[in-house]
Amino acid sequence: MPPEQLAEALLTAVRRLDGLVVAFSGGVDSTVVLAAAVRALGPRRTLAATADSPALARDELALARRTAAELGAELAVLATDELAVPGYRANQGDRCYFCKRTVLSRVADLAAERGYAHVATGTHADDRRSAHRPGLRAAGELGVVEPLVTAGLGKAGVRAVARAWGLPVADKPGSPCLASRVAVGVPVSRERLALIEHAEAAVRTFLDGRLVEARDVRVRLLPEGFRIEVDAVVHQWLERRPAEANALLGRIARMARTGDGTIAEYRSGAVSTLTALAGRTRREAVRP
């Protein structure tokens, strides 16, 4: 379907709603929903709400602020404390349920306080086809609406609409919360989340210093050690330069103090189970 038809289907879905608070991360999915709400309902009947917690990287919060302002939408930044929830901290495979339940309950309270009829997320049709999405169960329990699903947009359609509307995040890589980098079974803590944020910034700084542009960077904390994941081009660059790979691993090992690390090609959701990546690149990290 052409982007124009996809966009019209989305606008039609949003027009059926009286007023909307968009649970807004600043990523492409929630940005398209927010842009559609501003277009279909107007800024007075649209509100963006961003949950600010230790799992949200500071640069992602800054991007959410900028993007909402560019769209002409009011943004409410809500302090949330997912770490106070035992099921979230335990990280036994259903962490996202407890996260979404906490965040969306807070957004729903805001909607009720401000007189908005609905809360919307950036869930799209491809998400609905995923085998393991515990966060969607929480959204369903709270009666959250999903305009992208209603309009039949999957990820490719979302990006097509974002490009058609000239949104600055149209090609932004996915950037889920920092807790998504903690392997199932490893408890989530404030210290681990801060470590991940600083370690990923250090990887990007290391690569930038060598004029290597990385699209995807993850530092994943495993039951033993850590894994740096980068996109295919950067992974190949590091494989051809073992000295650089060891230098990068040594830098992160000194920060993490969790044992040896590995380097692998980026794969979404790679610590949702404890299964190791096939064909990963393993190198001995320099211990601190």
Side-chain angles (χ1 to χ4, degrees), residues 25-28 54-63 91 95 126 130 155-156 159 168-186 188-189 191-288:
S25 69
V28 63
L56 179 65
R58 296 301 88 187
D59 58 351
E60 292 294 322
L61 176 59
L63 176 62
N91 192 28
R95 182 198 69 248
D126 293 342
S130 297
K155 190 69 175 189
R159 290 199 184 276
V169 297
D171 296 311
K172 181 181 184 293
S175 184
C177 74
L178 297 171
S180 67
R181 280 77 145 166
V182 184
V184 169
V186 177
V188 178
S189 68
E191 293 75 21
R192 286 191 171 107
L193 296 174
L195 168 61
I196 291 164
E197 182 172 9
H198 296 149
E200 290 185 353
V203 172
R204 290 190 180 277
T205 298
F206 180 94
L207 295 171
D208 288 346
R210 289 150 180 80
L211 303 181
V212 178
E213 183 177 356
R215 175 177 171 84
D216 295 297
V217 171
R218 300 286 189 274
V219 175
R220 304 197 188 276
L221 301 186
L222 308 177
E224 295 182 6
F226 64 92
R227 184 170 64 237
I228 301 170
E229 294 182 16
V230 289
D231 50 86
V233 173
V234 178
H235 185 239
Q236 292 167 11
W237 186 89
L238 287 167
E239 279 197 317
R240 294 194 299 268
R241 296 166 177 81
E244 296 282 19
N246 280 321
L248 176 58
L249 284 166
R251 179 174 299 188
I252 303 306
R254 287 189 289 273
M255 296 177 64
R257 299 181 179 275
T258 58
D260 291 346
T262 63
I263 297 175
E265 188 173 327
Y266 166 71
R267 182 167 65 89
S268 178
V271 293
S272 59
T273 69
L274 298 183
T275 302
L277 285 176
R280 65 190 180 186
T281 300
R282 179 179 292 276
R283 308 207 189 281
E284 288 300 313
V286 178
R287 290 189 178 275

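All of these numbers come straight from a predicted model, not from anything done at the bench.
What you find for A214 and L207 is that their closest heavy atoms are CB-CD1, 3.8 Å. V182 and N91 make their closest contact through O-ND2, 3.3 Å (heavy atoms, listed as atom of the first residue, atom of the second, distance). Shortest non-hydrogen contact noted between R218 and R220 is CG-NH2, 3.6 Å. Residues G259 and F226 approach most closely at O-CE2, 3.5 Å, considering heavy atoms.
Considering CZ of R267 and CG of D216, their distance stands at 13.5 Å, rounded to 0.5 Å. Within the model, atoms CG of L178 and CG of L193 stand 6.0 Å from one another, a figure rounded to the nearest 0.5 Å. Note: Y266 OH to I228 CD1 = 15.5 Å, rounded to the nearest 0.5 Å. Rounded to the nearest 0.5 angstrom, C177 SG and E60 CD are separated by 11.0 Å. For the atom pair CG of D260 and CZ of R227, the computed distance is 14.5 Å after rounding to the nearest 0.5 Å.
In this view, D126 and R129 satisfy the salt bridge (charged side-chain N to carboxylate O under 4.0 Å, His left out) rule, not counting sequence neighbours. Residues passing the side-chain hydrogen bond (donor to acceptor under 3.5 Å, both in side chains) test with E197, sequence neighbours excluded: none.
Identified under the salt bridge (charged side-chain N to carboxylate O under 4.0 Å, His left out) test for residues 199-215, with sequence neighbours left out: R181-E200, R210-E244.
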